[in-house]
There are 2 protein chains.
Amino acid sequence: MSTKDLPEFDLERFLPYRFTVLAARLSAEMAQHYKHEFGISNPEWRVLVNVGYAENPSVRDIEKRVSLEKSKVSRAAARLEARGLITKVEDPDDRRLVKLDLTEKGADLLSQLVPIALSFQSSLENKLGASEATLNEALDLLLED
Amino acid sequence: MSTKDLPEFDLERFLPYRFTVLAARLSAEMAQHYKHEFGISNPEWRVLVNVGYAENPSVRDIEKRVSLEKSKVSRAAARLEARGLITKVEDPDDRRLVKLDLTEKGADLLSQLVPIALSFQSSLENKLGASEATLNEALDLLLED
DNA sequence: ATATTTTTGTTGCAGATGCAACGAATTTCT
DNA sequence: AGAAATTCGTTGCATCTGCAACAAAAATAT
């Protein structure tokens, strides 16, 4: 193919591509901090944070809130439960629901994880400087619907 | 766990989380457009674009440029070759390298795909309005190193 | 020149993932 | 009320993924 007759296209400016690359990079960097040190995978971290900072969320609640497939949530929750970090309790008012809750052990672990996340956030805010506010506005626009 | 003694943490403002959710959403939306209609997966699309818009890139070139694991690139390339969309040629100057090239069939397909990507980009730019410029500045900052 | 190290792409394998199917519980409809 | 449809969480299964191991080639060192 010496003669390519393709429409103009600049991958470097293609927003879905840019977000994907950046998200993958940031997630990988974050994961390094808690994967080997604490044995927590990315979905497990996401579930753990939700259990910690929401009122006994169900699997469905987390799925909706974090855009995490329900099977992913279910399996992450199962692993966290097996490690004694959370508990799963059938909701008496709606017995289809499984309410998740932190154990003391889980709270301890989360208390170690959160400062790592916060300092990572700080380093990003440092890089962004004044752009942080406008970035967040833009993200709000794209995430709103 | 009724008494949680956790540090303050706002997941909704945590940047890695926001990028991950947004990237997943945009990728899924994009994939809908070319997955079922053209049988092209996300990694295949990324490789195809690179082959189309770079000078005979090698697997390594693509890995570096698109932050795509080399095994992922290799397998995506194998699938694309099997479908007759690209060719793989050993570089005579460095026989470790495999130079990828579009076939005519691949160029045809890409010519159908790119307009879809462009119109998706337009819809995002519409949502962003004036924020687009500042968003790109912020992304540049986070992606630079 | 020979030996060592590095680079490139592929592959094997264990684990993760996505999606559909399923059973149980609840809601809605008639 | 009973029947049908919907919701929730789990699981089976085929595929995808990440990572280490590998062979071939090239670059570097001795």
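Lettering of chains follows the sequences in order, A, B, ..., and the numbering in each one begins at 1. What's counted below: heavy atoms across the whole structure, side chains too, no hydrogens, waters or symmetry copies.
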Item to check | Which nucleotide in D:dG18, C:dT27, D:dA25 has an atom nearest any side-chain atom of B:Asp94 | outcome: D:dA25
Item to check | d(CD, B:Glu63; P, D:dC19) in whole Å | outcome: 12 Å
Item to check | Given D:dT17, C:dG9, C:dT27, the nucleotide with the shortest approach to the side chain of A:Arg96 | outcome: C:dT27
Next on the checklist: If you compare every side-chain N and O of B:Arg95 against the phosphate oxygens of D:dA25 (OP1, OP2), does one of them come in below 4.0 Å?
Outcome noted: yes
Checklist entry - Under 6.0 Å between the ring centres of B:Phe9 and B:Phe14? => result yes
Item to check | Salt-bridge present (A:Asp140, B:Arg13; N to O < 4.0 Å) | outcome: yes
Checklist entry - Distance from B:Glu12 atom CD to A:Asn136 atom CG, nearest 0.5 Å? => result 11.5 Å
Checklist entry - Any sub-3.5 Å donor-acceptor pair from A:Lys127's side-chain atoms to B:Glu144's backbone N or O? => result no
Checklist entry - Is the phosphate of D:dG18, meaning OP1 or OP2, less than 4.0 Å from a side-chain N or O of B:Lys72? => result yes
Checklist entry - Mapping A:Asp93 and A:Ser71 to their closest nucleotides on DNA chain C, which lands nearer the 5' end? => result A:Ser71
Checklist entry - Counting only side-chain N and O atoms of B:Arg60, is one of them less than 4.0 Å from OP1 or OP2 of C:dT8? => result yes
Item to check | Upstream residue (5' side of DNA chain C) when A:Ser41 and B:Val59 are each assigned their closest nucleotide | outcome: B:Val59
Checklist entry - Rounded to the Å, how far apart are B:Arg79 CZ and D:dT15 P? => result 11 Å
Checklist entry - Which nucleotide in the list C:dT6, C:dG18, D:dC8 gets nearest to the side chain of A:Lys70? => result D:dC8
Checklist entry - Taking N and O atoms by type only, does the side chain of A:Arg75 place a donor or acceptor under 3.5 Å from a partner on the base of D:dG9? => result no
Checklist entry - For D:dG9, does OP1 or OP2 lie under 4.0 Å from any side-chain N or O of A:Lys88? => result no
Checklist entry - Should B:Ser74 be listed as having a side-chain N or O under 4.0 Å from OP1 or OP2 of C:dT10? => result yes
Next on the checklist: When you measure from the side chain of A:Gln121 to the backbone of B:Leu15, do you find a donor-acceptor pair of N or O atoms at a distance under 3.5 Å?
Outcome noted: yes
Checklist entry - OP1 or OP2 of D:dG9 sitting under 4.0 Å from any side-chain N/O of A:Ser58? => result yes
